[in-house]
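To start, the structure itself, in structure tokens.
Letters A, B, ... are given to chains in the order of the sequence lines, protein chains preceding strands, and every chain is numbered from 1.
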Protein chains: 2
Amino acid sequence: MEIREIFARNLRAARRANGLSQEELAHRADLDRTYISSLERHIYGATIDVVDRLAQVLGMEASDLLQRSAETQEPPSPDPGKDQA
Amino acid sequence: MEIREIFARNLRAARRANGLSQEELAHRADLDRTYISSLERHIYGATIDVVDRLAQVLGMEASDLLQRSAETQEPPSPDPGKDQA
DNA sequence: ATGTGACTTCAAGTCCGTG
DNA sequence: CCACGGACTTGAAGTCACA
């Protein structure tokens, strides 16, 4: 498992645990929406600077986002379902 | 404390704990000698790719190198009192 | 609300040499 | 063995338009 994938998964998981869309997260971390998307698709190897900025917004430590088995807080899991009318 | 400094300190400490010179570490991690030096002087913000590669050589996890303190855990500094009405 | 290709720019990372 | 400068190449950082 590459570090980029670890980070990508943790990022997506943490983002959802916080109930944020890529847009919302991007806005709060002062980054571009498509850049978050790229990160979650492990297109880039982010710098620790970006990792840290994201971690702060998500209320966690930068090291948590690189953890091989990250324990995110129990997400409310809104479970939007897929039946969008 | 910026993330670069955290990383720089952890890197240098881990490198010495492993009894490696900057040159040796650079060689084993397949990185440049002067780059390790730059990292320890927090000139650059390394990518998670580099952090991971370094961690492997040092026998630790990438997340360990970004840990604010390897052993001592500090209490979650609460808001430093913002005189906000 | 997300994925993706194309694009530009500036920092990451390399290589040289010096004290 | 390490700090540090300069010049260089590669890829991350940051933004759009469109699917």
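One interatomic measurement links the two molecules: CD of B:E23 to P of C:dT14, which rounds to 14 Å at whole-angstrom precision. Rounded to an integer number of Å, the gap from CZ of A:R15 to C1' of C:dT2 is 9 Å. When the P atom of C:dA12 is taken as reference, atom CG of A:D49 falls 8 Å away, rounded to whole Å.
A donor-acceptor pair is defined here as one N or O able to donate and one able to accept, closer than 3.5 Å; such a pair exists between the side chain of A:D64 and the backbone of A:E61.
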Below 3.5 Å, can you tabulate the donor-acceptor pairs from side chains in residues 22-29 of chain B to any protein atom, sequence neighbours excluded?
{"unit_1": "B:Q22", "atom_1": "NE2", "unit_2": "B:E40", "atom_2": "OE1", "d": "3.1"}
{"unit_1": "B:E24", "atom_1": "OE1", "unit_2": "B:R28", "atom_2": "NE", "d": "3.1"}
{"unit_1": "B:E24", "atom_1": "OE1", "unit_2": "B:R28", "atom_2": "NH2", "d": "3.4"}

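OP1 or OP2 of C:dA1 has not a single side-chain nitrogen or oxygen of A:R16 nearer than 4.0 Å.
Side-chain atoms of B:S37 and B:R41 include a donor-acceptor pair closer than 3.5 Å. For the residue pair B:D49 / B:T47, no side-chain donor-acceptor distance below 3.5 Å is found, with atom types taken as modelled.
Smallest separation of non-hydrogen atoms from B:A62 and B:D52: CB-OD1, 3.7 Å.
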Can you give one letter per nucleotide of nucleotides 3-16 of chain D, going 5' to 3': B for a protein heavy atom under 4.0 Å from the base, S for sugar-phosphate only, - for none?
BB-------SBBBB
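Residue-environment remark: CZ (B:R9) stays at or below the threshold of 12 foreign heavy atoms within 6.0 Å.
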